[in-house]
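Please read the structure below before turning to the comments.
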Amino acid sequence: MLNNILDKVGNTPLIALNKEKSDLNVFAKLEFYNPTGSVKDRAAFYMLNSLLNRGEINSDTTIIESSSGNFGVALSAYTKLKGLRFICVIDKNTLPVNEMLIRLQGAEVIYITEPDEFGGYLLNRIKKIKEIISTTENIYWVNQYENPLNAQAYYNSLGNELCLEAPRQQLDYVFMGVSSGGTITGVSRKVKEKFPNAQIIAVDVEGSVIFGAEARKRFIPGIGSSIRPKILNDAFIDDVVMVNEDETMDSCMELLEKYNLYVGGSSGSVYAAVKKYFSISGVSRSTNVMCVFADKGERYITTIYNPEWREMVLAYNAKSLLV
Ligand SMILES: Cc1ncc(COP(=O)(O)O)c(C=O)c1O
């Protein structure tokens, strides 16, 4: 028996996505089975426990972080559980349901409305945090983009699970969406230890600068970034697949129709990337591909699953390609 639902982090289901008989065996790790609904529970749970155990923070410490959604939701739940004050810096792209959950779980919310030079909000969110830190005592900035504990969380949990659960102990590819870089850094390090020949494929969206592409306005949160996270310097990445937001939204619909999976944006991006990658390279033998599906569709009910919103994004992206 558990004392609290928040203790049930990890050990999420792994499901097979194969409908056709093929040598390509695709599996999805359903991270929305984590207590607050996303892969970010793993980072929030592990980081706060490690910091408390090491004495780097105490019950009087204020935790501050910039998050456009899932990490904010996870941190607000785990800081509340630990009795810590939490300030979450969010922005105009934050999904209303995430903002509601963050506030309901007792966090103070600071809302950034001014876009940065790349058209996103991240740089201005970070600027705000630096201002607050400089005037507040006993405050800890989680800093998911640089904090090695973020990657360690995934090395110890998700990376381990993927290795243990690989069917017939064969792991050929892992596809993951990238934002702070914590998931891919931790998972890639663990997977390469156990399966040195496994290929780690980073999935990013057009408009994100993480892998050197040009910055452009992006609508779907949870994947991509307007900076290259430092944490990625420790990742082992064999290839990068860029997908656009149209492909992401189509793939979300396809997953619902074919597999009854109602997933969030980055899961659609990952599935789109798998299809794109293997439509070019194909496979010549039985190949196990693991995908990380980071969150669930409910949080995207007014966006990806709203036909009017989809039309708006399609029209915007089509127009910006013409310019
Ligand atoms: C929906 C979703 N997918 C993927 C990711 C990427 O995870 P990471 O920040 O570890 O790169 C996040 C991170 O917030 C997310 O919310």
Side-chain angles (χ1 to χ4, degrees), residues 2-15 28-49 63 65-82 86 88-91 93-107 109 142 144 150 153-154 157-158 161-162 176-180 182-184 186-187 203 219-224 248-249 251-253 255-256 259-271 290-306 309:
L2 295 166
N3 287 324
N4 192 296
I5 185 65
L6 297 181
D7 290 330
K8 201 181 168 353
V9 184
N11 291 316
T12 50
L14 181 76
I15 62 150
K29 189 79 170 147
L30 304 184
E31 288 298 298
F32 42 82
Y33 279 90
N34 280 306
T36 79
S38 87
V39 72
K40 299 301 270 194
D41 278 45
R42 295 183 187 264
F45 179 81
Y46 181 88
M47 293 177 89
L48 290 178
N49 280 333
I63 304 295
E65 180 60 321
S66 150
S67 167
S68 64
N70 284 331
F71 199 33
V73 173
L75 277 174
S76 58
Y78 291 93
T79 48
K80 184 164 187 273
L81 181 72
K82 305 281 180 198
F86 176 44
C88 190
V89 183
I90 63 169
D91 63 54
N93 276 348
T94 303
L95 299 164
V97 61
N98 286 356
E99 183 180 343
M100 181 195 77
L101 285 169
I102 292 167
R103 287 185 192 275
L104 284 177
Q105 292 181 110
V109 168
V142 178
Q144 55 178 324
N150 182 13
Y154 295 98
S157 65
L158 182 57
E161 287 168 36
L162 288 168
M176 282 161 282
V178 181
S179 184
S180 74
T183 309
I184 200 163
V187 167
V203 180
F219 291 90
I220 300 173
I223 185 164
T248 293
M249 294 188 289
S251 291
C252 286
M253 295 302 160
L255 284 165
L256 185 56
Y259 302 105
N260 308 95
L261 282 172
Y262 181 38
V263 296
S266 72
S267 311
S269 306
V270 165
Y271 187 58
M290 308 281 250
C291 300
V292 176
F293 281 6
D295 71 353
K296 204 170 185 157
E298 259 97 354
R299 290 190 180 158
Y300 303 82
I301 196 161
T302 55
T303 57
I304 293 172
Y305 294 95
N306 170 3
W309 189 87

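By convention here, the first residue in the shown sequence is residue 1. Since the model is a prediction, treat every value here as computed from it, not as a measurement.
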Looking at D91, is its backbone amide N or carbonyl O close enough to the side chain of T94 to form a donor-acceptor pair, meaning the two atoms are under 3.5 Å apart?
yes
Do Y78 and D41 have side-chain N/O donor and acceptor atoms under 3.5 Å apart?
yes
What's the spacing between L158 CG and N34 CG if we round to 0.5 Å?
9.0 Å
I301 atom CD1: more than 12 heavy-atom contacts under 6.0 Å
no
Can you measure from CD (Q105) to CG (L75) and round to the nearest 0.5 angstrom?
10.5 Å
Salt bridge (Lys or Arg N to Asp or Glu O under 4.0 Å) pairs touching residues 93-103, sequence neighbours excluded, are E99-R103
Distance in Å, K82 NZ paired with I63 CD1, rounded so as to fall on 0.5 Å steps
11.5 Å
Short side-chain to backbone donor-acceptor contact, Y271 and C291, under 3.5 Å
no
Under a 4.5 Å cut-off applied to non-hydrogen side-chain atoms, are R42 and E31 in contact?
yes
Passes side chain to side chain contact (heavy atoms under 4.5 Å, CB included), I15 versus L261? Steps please.
CA-CA 10 Å; I15 62 150; L261 282 172; 3.7 Å; yes
Spacing of I5 atom CD1 and L81 atom CG [to the nearest 0.5 Å]
11.5 Å
Checking ring-ring contact (aromatic ring centres under 6.0 Å, His included) against Y262, which of Y305, F293, Y300 comes through?
Y305
Is there a side-chain contact between N150 and S180 (heavy atoms, below 4.5 Å)?
yes
S267 side chain to A294 backbone, donor-acceptor under 3.5 Å
yes
Backbone N/O of T12 and side chain of K29: donor-acceptor pair under 3.5 Å:
yes
Taking the side chain from S38 and the backbone from F32, do they hold a donor-acceptor pair closer than 3.5 Å?
no
